[in-house]
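Predicted, not measured: the structure shown is a model, and the values here were computed from it.
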Protein chains: 2
Amino acid sequence: MNPMHDDDIANVMRALGHPVRLNILRILAAQRAGDCCCTDVTQNLSLAQSTVSQHIKVLLDAGLVERHPKGTRNCYSLRADRLADFGIACTGLFTGLTDHPVKELA
Amino acid sequence: MNPMHDDDIANVMRALGHPVRLNILRILAAQRAGDCCCTDVTQNLSLAQSTVSQHIKVLLDAGLVERHPKGTRNCYSLRADRLADFGIACTGLFTGLTDHPVKELA
DNA sequence: CGGGTTCATCGTTATTCAGCGATAAAAGAT
DNA sequence: ATCTTTTATCGCTGAATAACGATGAACCCG
């Protein structure tokens with residue numbers, strides 16, 4: 001709805017700027033929504049649980065993921081709305097960069 | 001042509017994960033191709049020349065920008081091919097995340 | 001040759017990041 | 001009430017980032 005501005009875009013880009021976090025997003029996408037907790041993610045990643053928790057926090061802070069507390073576990077799922085916003089912002093960015101106007105006529 | 005893999009995508013994302021670098025790309029896009037040098041960029045940015053040079057280097061290493069030495073100046077321009085590759089990789093990533101298959105039937 | 005530009009790089013400082021183990025809190029199970 | 005599971009957070013270490021000024025190399029122009 002409201003377009004993301006540069007700081008938002010940069011924040012999301014930075015959050016996506018680590019292969020482990022890309023993997024975490026894919027892992028979350030492959031699970032039933034709201035049924036994937038930190039240990040589930042950790043078992044797919046050969047990293048310490050605390051490290052995975054930190055990465056998830058980065059995704060949380062970037063707004064790409066949301067938390068659903070379920071008893072003793074915290075389940076995570078993708079925020080499709082934010083992903084869509086970011087996709088729109090990306091195409092806007094790319095076209096803005098590529099659709100160079102007639103720069104010769106300045 | 002060949003799809004970017006995760007490390008490439010993450011590298012580009014990290015390179016784009018700073019507002020100043022987004023601005024640099026826009027500045028380069030607004031200039032005649034191959035006619036924008038480091039000081040030109042610096043004059044639009046209120047940052048030290050060395051800092052701008054560093055940011056440009058990040059974009060160079062990410063393959064988003066290319067250098068054209070012209071006498072005593074180094075001119076920079078966007079690499080449209082890489083931007084296109086990255087755009088394709090992004091949409092592939094987003095659809096891969098959003099087009100969740102029927103996860104209930106596992 | 002000598003002076004002026006342009007620029008990447010070096011050295012420094014402060015901040016952030018990535019990874020780990022350990023720990024404590026919260027909630028469920030016995 | 002006690003034990004177990006899950007998880008976020010703390011403390012730590014090493015590496016990377018961001019910013020700057022200073023410097024030297026490379027190139028043009030007198």
Side-chain angles (χ1 to χ4, degrees), chain A residues 6-25 27-28 31-78, chain B residues 6-25 27-28 31-78:
Chain A
D6 266 18
D7 289 328
D8 288 335
I9 297 178
N11 278 335
V12 175
M13 289 277 190
R14 225 177 321 131
L16 296 179
H18 195 296
V20 167
R21 290 196 281 268
L22 295 180
N23 268 322
I24 292 178
L25 292 185
I27 292 169
L28 292 182
Q31 301 300 122
R32 242 185 331 239
D35 203 16
C36 190
C37 67
C38 183
T39 43
D40 294 335
V41 178
T42 303
Q43 283 166 353
N44 288 268
L45 278 180
S46 69
L47 279 175
Q49 176 267 328
S50 57
T51 305
V52 175
S53 185
Q54 278 289 107
H55 280 300
I56 291 177
K57 179 173 170 45
V58 174
L59 295 171
L60 261 178
D61 290 345
L64 295 173
V65 145
E66 59 189 358
R67 172 185 293 167
H68 311 281
K70 293 242 163 124
T72 172
R73 312 187 302 146
N74 277 348
C75 297
Y76 294 94
S77 58
L78 301 184
Chain B
D6 266 16
D7 289 328
D8 287 335
I9 297 177
N11 278 334
V12 175
M13 290 277 190
R14 225 177 322 130
L16 297 178
H18 195 296
V20 167
R21 290 197 280 269
L22 295 179
N23 268 324
I24 292 178
L25 292 184
I27 292 169
L28 292 182
Q31 300 301 124
R32 239 180 340 233
D35 203 16
C36 191
C37 66
C38 184
T39 42
D40 295 334
V41 177
T42 303
Q43 283 165 355
N44 287 268
L45 279 179
S46 70
L47 279 175
Q49 176 265 328
S50 55
T51 305
V52 175
S53 185
Q54 278 290 106
H55 281 300
I56 292 178
K57 179 173 170 44
V58 174
L59 295 171
L60 262 179
D61 291 345
L64 295 173
V65 146
E66 58 190 358
R67 173 184 293 168
H68 311 282
K70 294 241 165 124
T72 172
R73 310 189 301 146
N74 277 348
C75 296
Y76 295 94
S77 58
L78 301 183

Rounded interatomic separation in angstrom, taking [atom1] from [X] and [atom2] from [N]:
{"X": "Leu45(A)", "N": "dT7(D)", "atom1": "CG", "atom2": "P", "result": "13 Å"}
{"X": "Arg21(B)", "N": "dA19(D)", "atom1": "CZ", "atom2": "C1'", "result": "12 Å"}
{"X": "Arg73(A)", "N": "dT5(D)", "atom1": "CZ", "atom2": "C1'", "result": "10 Å"}
{"X": "Asn11(B)", "N": "dA16(D)", "atom1": "CG", "atom2": "C1'", "result": "13 Å"}
{"X": "Leu59(B)", "N": "dC7(C)", "atom1": "CG", "atom2": "C1'", "result": "16 Å"}
{"X": "Ile56(B)", "N": "dT17(D)", "atom1": "CD1", "atom2": "P", "result": "17 Å"}
{"X": "Gln49(B)", "N": "dT9(C)", "atom1": "CD", "atom2": "P", "result": "11 Å"}
{"X": "His68(B)", "N": "dC7(C)", "atom1": "NE2", "atom2": "P", "result": "14 Å"}

Relative to the 5' end of DNA chain D, which residue comes earlier, Asn74(A) or Ala48(B), by the nucleotide with the nearest heavy atom?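 Looking at DNA chain D, the more 5' nearest nucleotide goes with Asn74(A).
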Atom pair NE2/CG of His55(A) and Leu22(A) - distance to nearest 0.5 Å: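 The NE2 atom of His55(A) sits 11.0 Å away from the CG atom of Leu22(A).
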Gap separating the CG atom of Leu59(A) from the CG atom of Leu16(A), nearest 0.5 angstrom: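 That separation rounds to 7.5 Å.
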Side-chain ion pair, Asp40(A) and Arg73(A), N-O less than 4.0 Å: yes
Give [X] one of three labels, base, sugar-phosphate or nothing, depending on what nucleic acid heavy atoms sit under 4.0 Å from its own.
{"X": "Thr39(A)", "value": "sugar-phosphate"}
{"X": "Leu47(A)", "value": "sugar-phosphate"}
{"X": "Ser50(B)", "value": "base"}

Report the nucleotide, chosen from [options], that has the shortest atom-to-atom distance to any side-chain atom of [X].
{"X": "Thr72(A)", "options": "dA26(C), dT6(C), dA18(D)", "answer": "dA26(C)"}
{"X": "Gln54(B)", "options": "dT6(C), dG19(C), dT9(C)", "answer": "dT9(C)"}
{"X": "His18(B)", "options": "dT7(D), dC7(C), dA18(D)", "answer": "dA18(D)"}
{"X": "Cys37(A)", "options": "dT9(C), dT6(C), dT6(D)", "answer": "dT6(D)"}

For dG19(C) and His55(A) - does any side-chain N or O of the residue sit under 4.0 Å from the phosphate oxygens OP1/OP2? yes
Examine dC7(C): is either OP1 or OP2 under 4.0 Å from a nitrogen or oxygen in the side chain of Arg67(B)? Give yes or no.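 For dC7(C), neither OP1 nor OP2 has a side-chain N or O of Arg67(B) closer than 4.0 Å.
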DNA chain C: 5'-proximal contact among Gly71(A) and Thr51(B) (nearest heavy atom):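 Of the two residues, Thr51(B) wins.
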Side-chain (Thr42(B)) to main-chain (Cys38(B)) donor-acceptor, under 3.5 angstrom: yes
Less than 4.5 Å apart, any side-chain heavy atom of Ser77(B) and any of Glu66(B)?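 Yes - at least one pair of side-chain heavy atoms lies under 4.5 Å apart.
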